[in-house]
Amino acid sequence: MLLFPVRVEDAEVDRVPAVSIGIAAACAAAFLLTWVAPKNPDGMRADGFREILGYYEEHPYLTVQPRFLYDYLRPQARAAIEQMHEETPLTVDEATRALEQTHLDSLIEDFATVAEASPMRRLGLVPARGLKQPGWLTHMFLHFGWMHLLGNMFFFYLVGPLLEDLWGRGFFGAFYLAGGMMAAVAHFGIDPRSTVVMAGASGAIAACMGAFSYRCRSRRIRMAYMIGWIRRGTFLIPAWLWGGFWFAGEVFSLASHSSEGVAVMAHIGGFLFGFGAATLVDKSGYEARALAPAVQEKTTWTQHPSTELARAALDRGDQRAAAEAYRTVLREQPLEQGPAPAIPLLQNLAMRGELGQAWIMALELGAAFDPDRLPDKLAYQLAGATEAASDAGDLPIQLDGAIGRRQGPLAAKALLRAAKRCFAAGHDGQAHLDAARALPNLAPEMLAQIDGAGSSGGSLAPAPSTPAPHDGSGKAVRVLACRLIDLAENALHVEMASGTTRRVDFNHLVGVAAGVVADAQGAAILTDFILSWGARGEGPSAIRISGSQLGLSSLFPGVPSKEAYAKFLRHVLARTAGEPLPSREALAKGDYPRFPTVAALNAAFYGNARG
């Protein structure tokens, strides 16, 4: 079975990873100069090497110098020569054997002189040379062959640019060099007297993998597998698991002596250094305090001084002061040219996980907030956290649509999410699905999700087949379909149609409604948790859970479904202050009104919405 990584899912950087490109270019240039251009790059292509082997094959009773065996031969070749050895024939006298041995030794000495002058041996790291050698630095840019170079550069491509994007060019460049040096120290420590040359970027790249396994541990790695020629496919695993398996494999190779000439101790040392460095940078607060602000200064617009005041207010939990600081920024930085001055603030909040505050600022921008001007990563984060703002309207769909139009790495996921939101609200989301399906290079899994959303309507609960419901004043009613995850003492935990989760506190509800709607299978009971009766010209909004999405059999094992639903509703009604629909008494008795369609239910519950 063959198993290998393909890509990091949703990998996107905010600017060109110049340092990573420079490192790759340096490795490529060094490879051309030290391996491709020279006729004898590692000293092993000299005619003297073949002459030594030929002479020893004719005289297998001679003694091959240990220097030749251990400095220039791989373990398999060394074992083959040792197996060739024979006892001195009786026909060879001692004087003849001495002359032949002298000739073999001279061949080896001549070969060693040529080999030591080769580029790879001059610039590679040889532990026996000690501390004063250029190989401590230069070894990490050299490679023994095309597969060695391409393999290392692929793993570097997976993790290097993302770390550079998070830590900044200067810090990442220094980290890469330090990682390569520490990997070399680990290799040196296991055998300081070794005369075998070590070269390759894998030690420094192992440091990047260690750092990535901690700093980006929740990212998903797309892995591919092949079982002969019979079966092949891909699956996703978290980055920490990918890095952990790779590290365990290197430790096993070292312990079992199965490395076959690979400097696995350099890999182990580099990985441990990278993991430890990333942990220290995070736990010490250095990334949040110094690295992240420095990166944002380079990748975003200049920050207003009140940004720091807002950040300090968030640190101490003063949401009102933070909001006022943001309003100061908005007053003093003109927004006629779009949301560009506000982008640094939004990115700061998104990085801190304060998406609720980010939504407050986005909504206050009003017409100046242009989804087409936001970077894909930021737009995707905002659109994926609509529960942070109860009055976001259709802005999340606009954000996902803008991401889709740019056709970047997040386009398919954003368009699929936009379609699901439309279906859940009773709108037509087919246009978003068509746009997603038209994107180039779609993964088979994503195409299957798009087709599945089109066939099922993309909703977790029955969605209206008519246009969005309106109250008596013509305002659209927002009904968000979701699934119950957990029933707590004072709240519900639900999963939205977009895949995000939300806590719904009972004391924040303004009402609860329940009704039965006919469907193809007979009837379905819908429960609405009313968040708002409408404000500032907008209609009511509610979270809706169908009976099949309540998970009553898990909440009340062994209890018949009708009785289980009654127990669930009693739990909710006892903790909700708002007036239920159609009435508290009717729901308590189990008298649920029946409707021919979802649209009829919406009209009955929200046709005369209260202000």
Side-chain angles (χ1 to χ4, degrees), residues 1-25 27-28 146-167 172 176 201-202 204-227 231-247 249-250 267 271 274-275 278 375-381 384 400 403-404 406-417 436-450 499:
M1 177 176 176
L2 182 62
L3 185 67
F4 54 93
V6 176
R7 64 176 181 270
V8 180
E9 289 289 286
D10 302 330
E12 183 183 5
V13 295
D14 288 331
R15 60 174 175 166
V16 175
V19 171
S20 297
I21 293 174
I23 290 171
C27 289
W146 286 102
M147 294 305 297
H148 189 202
L149 172 69
L150 295 177
N152 278 347
M153 290 301 99
F154 177 72
F155 275 83
F156 183 60
Y157 156 77
L158 290 177
V159 299
L162 292 171
L163 284 176
E164 180 181 344
D165 193 52
L166 291 168
W167 284 348
F172 174 74
Y176 181 88
S202 54
I205 295 170
C208 294
M209 291 178 64
F212 188 84
S213 298
Y214 175 82
R215 176 59 181 82
C216 303
R217 54 192 175 275
S218 61
R219 280 189 172 272
R220 297 181 301 166
I221 307 295
R222 171 85 46 192
M223 301 293 295
Y225 66 88
M226 292 181 63
I227 304 177
R231 187 174 180 181
R232 66 190 69 182
T234 66
F235 60 92
L236 293 171
I237 61 172
W240 65 265
L241 185 61
W242 172 61
F245 271 124
W246 182 87
F247 180 74
E250 296 301 304
H267 298 174
F271 188 95
F275 190 91
D376 281 1
K377 186 191 299 184
L378 176 59
Y380 193 81
Q381 286 178 294
D400 280 335
I403 298 170
R406 289 190 285 267
Q407 299 190 1
L410 298 174
K413 289 189 174 183
L415 289 169
L416 177 60
R417 186 169 62 184
R437 195 176 288 108
L439 292 171
N441 303 319
L442 277 179
E445 295 85 353
M446 177 56 65
L447 186 58
Q449 292 183 48
I450 293 170

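Start at 1 with the first residue, then count along the sequence. Below, all heavy atoms of this structure are taken into account, side chains as well, without hydrogens, waters or symmetry copies.
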What's the spacing between Leu439 CG and Leu416 CG if we round to 0.5 Å? 11.0 Å
So do Met153 and Ile205 actually touch side chain to side chain, heavy atoms under 4.5 Å? yes
Would you give the length of the straight line joining atom CG of Asp165 to atom CZ of Phe172, rounded to the nearest 0.5 angstrom? 11.0 Å
For the atom pair CE (Met223) and CG (Leu236), what is the distance rounded to the nearest 0.5 Å? 10.5 Å
What's the separation between atom CD in Glu250 and atom NE2 in His267, rounded to the nearest 0.5 Å? 5.5 Å
Passes side chain to side chain contact (heavy atoms under 4.5 Å, CB included), Leu162 versus Val13? Steps please. CA-CA 6 Å; Leu162 292 171; Val13 295; 4.1 Å; yes
If you take all heavy atoms of Ala436 and Ile450, which pair is closest and at what distance? CB-CD1, 3.6 Å
Test Leu149 against Cys27 for side chain to side chain contact (heavy atoms under 4.5 Å, CB included), laying out the working first. CA-CA 8 Å; Leu149 172 69; Cys27 289; 4.1 Å; yes
Value for OG (Ser213) from CZ (Arg219), rounded to nearest 0.5 Å, stands at 13.0 Å
Applying side chain to side chain donor-acceptor pair (under 3.5 Å) as the test, list every pair that has at least one member in residues 233-244; sequence neighbours left out. Arg222-Thr234, Thr234-Glu445
Closest non-hydrogen atom pair between Gln407 and Pro440, with its separation: OE1-CD, 4.1 Å
Using side chain to side chain contact (heavy atoms under 4.5 Å, CB included), reason through Leu447 and Arg437 one step at a time and then give a plain yes or no. CA-CA 7 Å; Leu447 186 58; Arg437 195 176 288 108; 3.9 Å; yes
Partners meeting side chain to side chain donor-acceptor pair (under 3.5 Å) with Ser20 (sequence neighbours left out): Glu164
Centroid separation Phe212 to Phe271 less than 6.0 Å: no
Tell me whether the count of non-hydrogen atoms from other residues, nucleotides or ligands lying under 6.0 Å of CZ in Phe154 goes above 12. yes
Exercise: identify the closest heavy-atom pair between Leu166 and Arg215: CD2-NH2, 3.5 Å
Where Met446 and Ala412 come nearest, the two heavy atoms and their spacing: CG-CB, 3.7 Å
Taken to the nearest 0.5 Å, the spacing of Phe156 CZ from Ile23 CD1 works out to 4.0 Å
Counterpart residues, side chain to side chain donor-acceptor pair (under 3.5 Å), relative to Arg406 (two or more places apart): Asp376
Taking side chain to side chain donor-acceptor pair (under 3.5 Å) as the definition, give me every residue that meets it alongside Tyr157, ordered by chain and number, with sequence neighbours left out. none
Any heavy-atom pair between the side chains of Arg217 and Pro238 that's under 4.5 Å? no
Heavy-atom nearest pair, Cys208 first then Leu163, reads O-CD1, 3.4 Å
Which pair of non-hydrogen atoms, one from Ala239 and one from Ile221, has the smallest distance, and what is that distance? CA-CG1, 3.9 Å
Looking at side-chain heavy atoms only, is the closest gap between Leu158 and Pro5 below 4.5 Å? yes
Hits for salt bridge (charged side-chain N to carboxylate O under 4.0 Å, His left out) against Arg7, two or more places apart or cross-chain, chain-then-number order -> Glu9
Going by the rule ring-ring contact (aromatic ring centres under 6.0 Å, His included), which residues pair with Phe275 if we only count those two or more places apart in sequence or in a different chain? Tyr214
CA sep, side-chain torsions, deciding dist, call: Met209, Phe247, side chain to side chain contact (heavy atoms under 4.5 Å, CB included): CA-CA 9 Å; Met209 291 178 64; Phe247 180 74; over 6 Å; no
